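Everything numeric here is computed off the predicted structure, so don't read it as measured data. Numbers restart at 1 for each chain; the letters A, B, ... are given by sequence-line order, proteins then strands.
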Amino acid sequence: MVRVRFAPSPTGFLHVGGARTALFNYLFAKNQNGVFVLRIEDTDLERSTLESEQSLLRTMKWLGLHWDEGPDIGGPKGPYRQSERLDIYRRMAYALVEKGKAYEAYVLPEELEAMRGKMLENKESPRYSHETIAQYDTPERRQEFAQKGWSPVVYFKMPQKEYVLNDRIKGRVVFKGGTTGDFVIFRSTGIPVYNFAVVVDDALMEITHVIRGDDHLTNTLRQLALYEAYQMPLPEFAHVSMILGPDGSRLSKRHGATAVENFREMGYLPESLINYLALLGWSHPQENEICALNEMIRAFSLERVSSNPAIFDSGKLLWMNGMYIRQLTPEALLEKAVPFIIETGYIAPENVDVNKKWLLEAMKAIQNGIHQLDEVGELLSPFFTDPIPTAEALRSLEDDRLSAAFKLLYERFDSIPSWEINEIISVIKAVVKDTKVNPKPFYHTLRLALTARDTGPELVHVVHLLGRNKVLNRLGRLEV
RNA sequence: GCUCCCGUCGUCCAGCGGUCUAGGACAUCGCCCUUUCAAGGCGGAAACCGGGGUUCAAACCCCCGCGGGAGCGCCA
C-alpha cells in the first residue's frame, strides 16, 4: 500500500510551492490507490501558530486536496502533529544513544559558535566531529549542567562514509563521505530537530514515498544515515525542483503574490491553480494543457516530473484561469462571483436572489472578458454608477453623420415596443444602415456614451442590461 | 569556501542514440471573424549554454568549463 505525506510547518500561509508539493503527493497517492497523509511539522515553537495550521488546512480543502489521515481527522498512525509526538522522539533518540550511535553533548552554544567561526575563517566547511564535541563531556560539565538544570542535546554520530540515494526524479545521487559532521537530533528543550523528526515520523507512519522539494535533497544524506542507524527500511525519495521567481531566484513574497490565499482573493479558481501548478514540472503524456483533476490522477507518474527548476509564469496562470472561467455555466460563474460582487457594494447580499435574472445575463455578458473574478467589479461598474465620458472622448460626435445617427438611435430606442435583445439589435443595425454611418466609430462612441469606457461586454448586452431609462438618459445628454 | 542539484524558443514542457529541416502551450507579431475591446479561428518569428570525447550516427551517453539554484542551524 502506497502511503505518502505532505508535511508543512504551520508558520504562514500555504505557498504555491508547497501547494504543488502537496498536489504531486496527492496525485501520486490517488493514482496508486494509496493513502495521503497530512502531518503538521510544528517543532519550531517560535514560529508555529495554530492560526497558520488552520489556514493551511482551509487552503488545502479549498484546492480540493483532501487527506486521508491528518491532525483534524486522525488515523491509525497518529498523532499527526509533531508537537504531540515528543515522547516518541525522546524514546527514539535515546535508543540511538544506547546503541552508541548518538551521544549527549555538553558543549555550550557559544563554544560551538566559536568553533564554527574559526572553521569558516580557515576556509573549512563547518562541521563537528564526535571528538571535538566529546572533549567538553567532562565530569565538571555534567555537574554544571545538573546544577543549572540544563539538559544536554543529543548529537548523532555521522558515519564518515559515502551514501547513495536513488531518487525517483533526480536519479542516482552520490554523497561523498566525510563532508558532514555530527549533528543535533534532540534539543535540550526536549524537542527534536527536523532531520531527525522526519525520519522517525516517516518510518513510524509507514510512509513509502517521500515526495518533497529539492531544497531537502542535501538533507537526505543525514536522513539516510539515520535510517541506517535504526536499520529501518528506506522509503522511496522523489525530489521535485523549486519554483523560481521571474528573476530566477527562489520564489518569494518580493515577487508578488505567492500564497494560495492571495490567488483565491484575486479570483482564481482552485481548478485553474491546480492545473497550472501540475504543469509546472509535470506533463501529461499527451501534452494536454487544460486537464481536469481526475484525468491528472489517471495519468500521473513520477517519471514525467521534470528535474529542472521552473519559473512561475503568472501570465500563463492568468490565461488558464480565463479558460476555466469560460467553461463555467452562467449559474456557476455567478455563484463564484457573488462574493466579489458583494464586495463592490453594488448589490447587497440580501438582494442577490431578487436580481438573479439580471445577474445571470450580466455574467453571460462578461464571461469571456475576464481572467480573474475580481474584475467583475470594474465590468459591472457602468451599470451601477453613472460614468460620464469626457468631451475629448466624444469628439467624434462633431461628425455630422455620426451625430445624426445618435439622434435617430435615441428616437428609435424611445419608441421601441419592447426592450428585448432582438429588438435592440435590429434597431442598432437599422440605424447604422439608414444613416450610412461608419460602424466602427459609431459603436465605439456608443460604448463611450453608455459606459465611459473603451472596452467591456458586448454592446447589445450593455444596452439591454442598462435598461431603457438609463440608455435614453445617457444618450440624451450627448450634445448632438 | 565545501557538498549536491539543474541547463531545449522570453516562460512552462515534449524529446529518453537515427523518425529533429527539434513538437506543443503561454506571451509576442500578422491576418480572419465580429458590433469597438475581448473571446474564437488561422499563420509567423522564436531554442538544443560552450568545448572536448564515445559512436557509422548525439538535444539525448561521458568528461571539463561556464551559468543558475539549493544545502551546510539546538529553522523546517
For [N] and [M], measure between their [atom1] atoms and round to the nearest Å.
{"N": "B:C48", "M": "B:G67", "atom1": "C1'", "value": "16 Å"}
{"N": "B:U54", "M": "B:C72", "atom1": "C1'", "value": "36 Å"}
{"N": "B:G73", "M": "B:C64", "atom1": "C1'", "value": "35 Å"}
{"N": "B:G53", "M": "B:C60", "atom1": "P", "value": "15 Å"}
{"N": "B:C42", "M": "B:A47", "atom1": "C1'", "value": "24 Å"}
{"N": "B:U8", "M": "B:G68", "atom1": "P", "value": "15 Å"}
{"N": "B:A57", "M": "B:G44", "atom1": "P", "value": "34 Å"}
{"N": "B:A38", "M": "B:C32", "atom1": "P", "value": "14 Å"}

Among [options], the one nearest [X] by side-chain distance:
{"X": "A:I311", "options": "B:U35, B:U11, B:G71", "answer": "B:U11"}
{"X": "A:E458", "options": "B:G15, B:U35, B:C4", "answer": "B:U35"}
{"X": "A:S283", "options": "B:C13, B:U35, B:G69", "answer": "B:C13"}
{"X": "A:Y443", "options": "B:C26, B:C5, B:U35", "answer": "B:U35"}
{"X": "A:D214", "options": "B:C5, B:U35, B:G69", "answer": "B:C5"}
{"X": "A:R250", "options": "B:U35, B:G71, B:C37", "answer": "B:G71"}

For residues [X] and [Y], establish whether the separation of their ring centroids is below 6.0 Å.
{"X": "A:F175", "Y": "A:Y163", "answer": "no"}
{"X": "A:F312", "Y": "A:H255", "answer": "no"}
{"X": "A:F24", "Y": "A:F300", "answer": "yes"}
{"X": "A:H216", "Y": "A:Y194", "answer": "yes"}
{"X": "A:W419", "Y": "A:F413", "answer": "yes"}

Nearest-Å distance, [atom1] ([X]) to [atom2] ([N])?
{"X": "A:H239", "N": "B:G69", "atom1": "NE2", "atom2": "C1'", "result": "15 Å"}
{"X": "A:F183", "N": "B:G71", "atom1": "CZ", "atom2": "C1'", "result": "14 Å"}
{"X": "A:Q223", "N": "B:G71", "atom1": "CD", "atom2": "C1'", "result": "12 Å"}
{"X": "A:F312", "N": "B:G10", "atom1": "CZ", "atom2": "C1'", "result": "17 Å"}
{"X": "A:F175", "N": "B:A70", "atom1": "CZ", "atom2": "P", "result": "17 Å"}
{"X": "A:N308", "N": "B:C5", "atom1": "CG", "atom2": "P", "result": "14 Å"}
{"X": "A:H371", "N": "B:C26", "atom1": "NE2", "atom2": "P", "result": "11 Å"}
{"X": "A:L317", "N": "B:C26", "atom1": "CG", "atom2": "C1'", "result": "11 Å"}

Under 4.0 angstrom, heavy atoms only, what part of the nucleic acid is [X] near: base, sugar-phosphate, or nothing?
{"X": "A:L279", "value": "sugar-phosphate"}
{"X": "A:P457", "value": "base"}
{"X": "A:G322", "value": "nothing"}
{"X": "A:P309", "value": "sugar-phosphate"}
{"X": "A:R304", "value": "sugar-phosphate"}
{"X": "A:V432", "value": "nothing"}

Watson-Crick or G-U counterpart of [N], or none if no pair lies under 3.5 Å:
{"N": "B:U54", "result": "none"}
{"N": "B:A27", "result": "none"}
{"N": "B:G71", "result": "B:C2"}
{"N": "B:G40", "result": "B:C32"}
{"N": "B:C48", "result": "none"}

Close side-chain approach of A:K157 and A:K101, heavy atoms under 4.5 Å: no

More than 12 heavy atoms from other groups under 6.0 Å of OH on A:Y94: yes

Comparing A:H284 and A:S241 on RNA chain B - which has the more 5′ nearest nucleotide: A:S241

Position toward the 5' end of RNA chain B (nearest nucleotide), A:H444 or A:G315: A:G315

A:E228 side, atom CD; A:L224 side, atom CG - distance, nearest 0.5 Å: 8.5 Å

Phosphate-side-chain proximity, A:R222 and B:U3, N/O vs OP1/OP2 below 4.0 Å: no

Can we say [X] and [Y] salt-bridge, meaning some charged N sits less than 4.0 Å from an Asp/Glu carboxylate O?
{"X": "A:R81", "Y": "A:E41", "answer": "no"}
{"X": "A:K364", "Y": "A:E361", "answer": "no"}
{"X": "A:R5", "Y": "A:D201", "answer": "no"}
{"X": "A:R412", "Y": "A:D434", "answer": "yes"}

Listed pairs, N/O of protein and of nucleotides 74-76 of chain B, under 3.5 Å:
unit_1	atom_1	unit_2	atom_2	d
B:C74	O3'	A:R187	NE	3.1
B:C74	O3'	A:R187	NH2	3.4
B:C74	O2	A:S188	N	3.4
B:C74	O2	A:S188	OG	3.1
B:C74	N3	A:S188	OG	3.1
B:C75	OP2	A:R187	NE	2.1
B:C75	OP2	A:R187	NH2	2.6
B:C75	O5'	A:R187	NH2	2.6
B:C75	O3'	A:R187	NH2	3.0
B:C75	O2'	A:D44	OD2	2.6
B:A76	OP1	A:T43	O	3.2
B:A76	OP1	A:T43	OG1	2.6
B:A76	OP1	A:D44	N	3.3
B:A76	OP1	A:R187	NH1	3.4
B:A76	OP1	A:R187	NH2	3.0
B:A76	OP2	A:R187	NH2	3.0
B:A76	OP2	A:Y194	N	3.1
B:A76	O3'	A:E41	O	3.4
B:A76	O3'	A:E41	OE1	3.3
B:A76	O2'	A:S9	OG	3.4
B:A76	N6	A:N219	OD1	3.4
B:A76	N6	A:N219	ND2	3.4
B:A76	N1	A:N219	ND2	3.2

Quiz item: cation-pi between A:R222 and A:F183, 6.0 Å / 45°: yes

Could you write out each protein N or O paired with an N or O of nucleotides 19-24 of chain B at a distance under 3.5 Å?
unit_1	atom_1	unit_2	atom_2	d
B:G23	N2	A:E287	OE1	3.0
B:G24	N2	A:E289	OE2	3.4

